[in-house]
Protein chains: 4
Amino acid sequence: MRSARAEIGDASAREARVKGQRNAEQTQDAIFAAALAEFTGKGLDGARVDRIAARAGANKRMIYHYFGGKEDLFLAVLERTYTAIRSAERKLHLEDLDPVAAMRELVAFSFDYFERNPHFIKLLNNENLHGARHVRSSGEIRDMHSPLVSMIAGILERGRKSGAFRADVDPIQLYISIAALGYFYFSNAATLSAIFGRDLLDRQAVEQRRRHAIDVILSYLRP
Amino acid sequence: MRSARAEIGDASAREARVKGQRNAEQTQDAIFAAALAEFTGKGLDGARVDRIAARAGANKRMIYHYFGGKEDLFLAVLERTYTAIRSAERKLHLEDLDPVAAMRELVAFSFDYFERNPHFIKLLNNENLHGARHVRSSGEIRDMHSPLVSMIAGILERGRKSGAFRADVDPIQLYISIAALGYFYFSNAATLSAIFGRDLLDRQAVEQRRRHAIDVILSYLRP
Amino acid sequence: MRSARAEIGDASAREARVKGQRNAEQTQDAIFAAALAEFTGKGLDGARVDRIAARAGANKRMIYHYFGGKEDLFLAVLERTYTAIRSAERKLHLEDLDPVAAMRELVAFSFDYFERNPHFIKLLNNENLHGARHVRSSGEIRDMHSPLVSMIAGILERGRKSGAFRADVDPIQLYISIAALGYFYFSNAATLSAIFGRDLLDRQAVEQRRRHAIDVILSYLRP
Amino acid sequence: MRSARAEIGDASAREARVKGQRNAEQTQDAIFAAALAEFTGKGLDGARVDRIAARAGANKRMIYHYFGGKEDLFLAVLERTYTAIRSAERKLHLEDLDPVAAMRELVAFSFDYFERNPHFIKLLNNENLHGARHVRSSGEIRDMHSPLVSMIAGILERGRKSGAFRADVDPIQLYISIAALGYFYFSNAATLSAIFGRDLLDRQAVEQRRRHAIDVILSYLRP
DNA sequence: CATGAATGAGGTTTCATTCAT
DNA sequence: GATGAATGAAACCTCATTCAT
């Protein structure tokens, strides 16, 4: 789980690029890492190509050379972000756990992923602001269904049979709810923190929220 | 140009214009409405002052005259948006309902509010992208605590006493979860729809989600 | 005839624009004059928006405000150029002259117009380099048929009847030939001068060419 | 990449490549052909070095290696273009024809050359747009006088003696007029076609124009 | 001989904002 | 109170050219 970050390539841009060296892959990676940071921090419209190039220690021209343009770069970042979460999801193996433990793991995984990958949330919010324009244009992303839905369906079925879970649960609705409980918390942590007057991202608050999310889902599933 | 407004202005607006008198207020309102639409549709960075002025049928200079600048205009929109939801929340009167019915009403209200006010979600996401910069700078917003939290606390207390609800529920966590179940659904409807290949915003899907959200919260509260 | 230049507005850009004054029409005119000079001197691709703005003493932004963009500005210049020549052509009144004198005037007019409006030739050559893209996109230009064709037809008819001209002459071919004899000379003066080693644009050479062009056309028309 | 050329290279090219030996010449030729096409299609300013390299299937660096730069490449193309027409002109042998037939052949040759070598016209127009800068800098081109002028002088002299032609014709003026009648037609075919609303380059129109050009010159020469 | 990566200058265009009336 | 013209900074992007291998 801890490896989730590394998959996106968060090696700092500067680190990735030894100055003056000529290496296409390195340059691309550096641009990519810089773009991820910039888009995450400022959004698509707020991001600046100049800043991405500077962060990457690369020439601006290279962005256009390798990625085509700002919008394409954003799409590339988005695609890699989706690839990363799907890959992390696929690494979950819950078959050996009893349904309750499995569900607990799954909710915890989802929650932890959002905590550790704040860029995922920022990028997705941005994409939704733009009406999912890029996702819709990317067959690659559209075809990347989350394995979580069928995992959930499997766990629900096992739980139903063992009598641990109620019988009338829709896996897709549950999938969305599991995501919602964590995603919304991190997505809106800044405004919520401002309004509640305390930092929702401190260790204790996050831990409390994590327990709550698991609690909500498991309570809901009780027969 | 002078006729542009008149064509748009409705009867009451025309009525109100007693020879240049309430013109100012009208202009402000028009700018405001235009800004809300623009910020909602494009985000703070994607919004264009020119377009806001054009939409408002007003001179660009007026935006600076009345609001100070783009950023201030955004803050004004945000403040009014928060004011509106708090006001709507205060109109909820659940004291006469039994705890279960009251909670059901409250969850439904929250869900419906998000459905009917998509701009609220867009603006909040934008504000969070920018680290709640404007909310933090606005004492007005920071002081607008949601009455829902104490409402929830009250309902929980009544439910605990009547044995309808479990005893160990944190009102703030519940408040966040109630919001999450609806907010996330509408906030991410575009990407989720693209990925699931069906429109999550059609009447039937929304209705199903609404029932599910209520179900999750009430099931969670069972003792 | 001498007024041909003025119609295009060759008042120098600087002259047209008193610094610091706010006058939309003046600014537009200044931009226009600057654009004409720039496009004439460098061609569409060689022209620089920066230089046009500087020549006009205007802010670059104004070009986009008033004309839309470089390409649109080129089209505007082209349209005005066509308008100017058509207008000049319409001022020709040859009805009172006998056919031979009328034709002589017409050939001389054409020749002189090319001499006095070198920008016309430059712009047309540029437009032809681009496959007449702008002309084809401009209904305005496409509809501006030259009145010369019907003038020529009329003179030919009168000459045929009086026995001054041969009978089998196609007015359109003749129109093209009249244009060709002058246009080509001025269009290609630079290369021809370089190759012949003498300046084809000096007064004497031009005068000689003018007589020759008239001679060719009138000799051709002899019965 | 290595295979890109091979796919294009025809049999003879492949034959000639005796293990890297005549590779150089091949590359140069490919660049040359690509440059001709690019300059013809887009003009000097509109031409892109990248595109030339791509069209040639060559590395961009080779352009600088073999030709020095974009401008030098243009000059090289121009020189070869002039060389070609002079060479074609020298192949004309009109001594055995009577003056009228000889002149007819010469006009036809000129007309046909323009029709068959549209790039010649494009390049020359471009060169004139730039004030014949390259021609003037190229001694090679400046020294390439057209043999047509002296051919014309010869034919005129023979015609004068035989009584077939008038006596007062300037060979240079006639040379320019012969060129003009064809050159202008093809040079401005795009705009003329757009304005007349019919394709001046279709077979029939070209044939009609060809006859007209010959007619004009021969009629002019009648004593 | 040949390559693909890299660059800096400069291209067109757009922005939020201010000025003059 | 209101307007439309004007602006400078900066945005995205492209260019001919050179570098390292």
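What you see is a predicted model; the values in this text were computed from it and never measured. Convention: sequence-line order gives letters A, B, ...; per-chain numbering from 1.
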B:Glu71 CD to E:dC15 P, in whole Å, measures 16 Å
(request) Please state whether the phosphate of E:dA2, meaning OP1 or OP2, lies under 4.0 angstrom from any side-chain nitrogen or oxygen of D:Thr27. (result) yes
Query - Criterion side chain to side chain donor-acceptor pair (under 3.5 Å) on D:Glu127 and C:Thr191, from CA distance to verdict - result: CA-CA 7 Å; D:Glu127 180 62 4; C:Thr191 50; over 6 Å; no
Modelled atom types, side-chain donor and acceptor of B:Asn59 and B:His65, under 3.5 Å: no
Taking a pair to mean Watson-Crick or G-U wobble geometry with both distances below 3.5 Å, E:dA16 pairs with F:dT7
Assign each of A:Gln28 and C:Arg51 the nucleotide of DNA chain E bearing its closest heavy atom; nearer the 5' end lies the nucleotide of A:Gln28
Side chains of C:Glu71 and C:His134 only: does a donor on one sit below 3.5 Å from an acceptor on the other?
yes
Whole-Å distance, C:Lys70 NZ to E:dT14 C1', equals 17 Å
ask   = Hey, mind stepping through A:Asp50 and A:Lys60 against salt bridge (Lys or Arg N to Asp or Glu O under 4.0 Å) and telling me if it holds?
value = CA-CA 6 Å; A:Asp50 271 325; A:Lys60 214 181 348 177; 3.0 Å; yes
So CZ of D:Phe74 and CG of D:Leu36: to nearest 0.5 Å the spacing works out to 10.5 Å
Inset, instruction - Please state whether the phosphate of E:dA6, meaning OP1 or OP2, lies under 4.0 angstrom from any side-chain nitrogen or oxygen of A:His65. - result: no
Judged by nearest nucleotide, the residue sitting upstream toward the 5' end of DNA chain F, A:Asp45 or D:Asp45, is A:Asp45
Nearest-nucleotide check on DNA chain E, B:Gly69 vs D:Tyr66; residue mapping nearer the 5' end is D:Tyr66
message: Mind checking if D:Ala47 touches a base, just sugar-phosphate, or nothing, with heavy atoms under 4.0 Å?
response: sugar-phosphate
Quick one: does D:Lys60 reach the base of E:dT3 with a side-chain donor-acceptor pair under 3.5 Å? no
In whole angstroms, the gap separating P of E:dT13 from CZ of C:Phe67 amounts to 14 Å
Separation of F:dA11 atom C1' from B:Arg48 atom CZ, nearest Å, is 10 Å
Out of F:dA6, E:dT3, F:dT14, minimum distance to the side chain of D:Met62 belongs to E:dT3
Side-chain contact check for C:Arg61: nearest option of E:dC15, E:dT12, F:dT14 is E:dC15
Have a look at A:Asp50 and say if it touches a base, only the backbone sugar-phosphate, or nothing, with a 4.0 Å heavy-atom cut-off.
sugar-phosphate
Using Watson-Crick geometry (N1-N3 plus N6-O4 or O6-N4) or G-U wobble (N1-O2, O6-N3), each under 3.5 Å, F:dT21 is paired with E:dA2
A:Ile63 CD1 to F:dA11 C1', in whole Å, measures 13 Å
Of the listed E:dT12, F:dA16, F:dA5, the closest approach to the C:Ala24 side chain comes from F:dA5
Tell me if the side-chain of A:Asn59 makes a donor-acceptor pair with the base of E:dG8, cut-off 3.5 Å, by modelled atom types.
yes
With the side chain defined as heavy atoms from C-beta on, A:Tyr64 is closest, among F:dC12, F:dT18, E:dT18, to F:dC12
Atom CD of C:Glu25 and atom C1' of F:dG4 are separated, to the nearest Å, by 15 Å
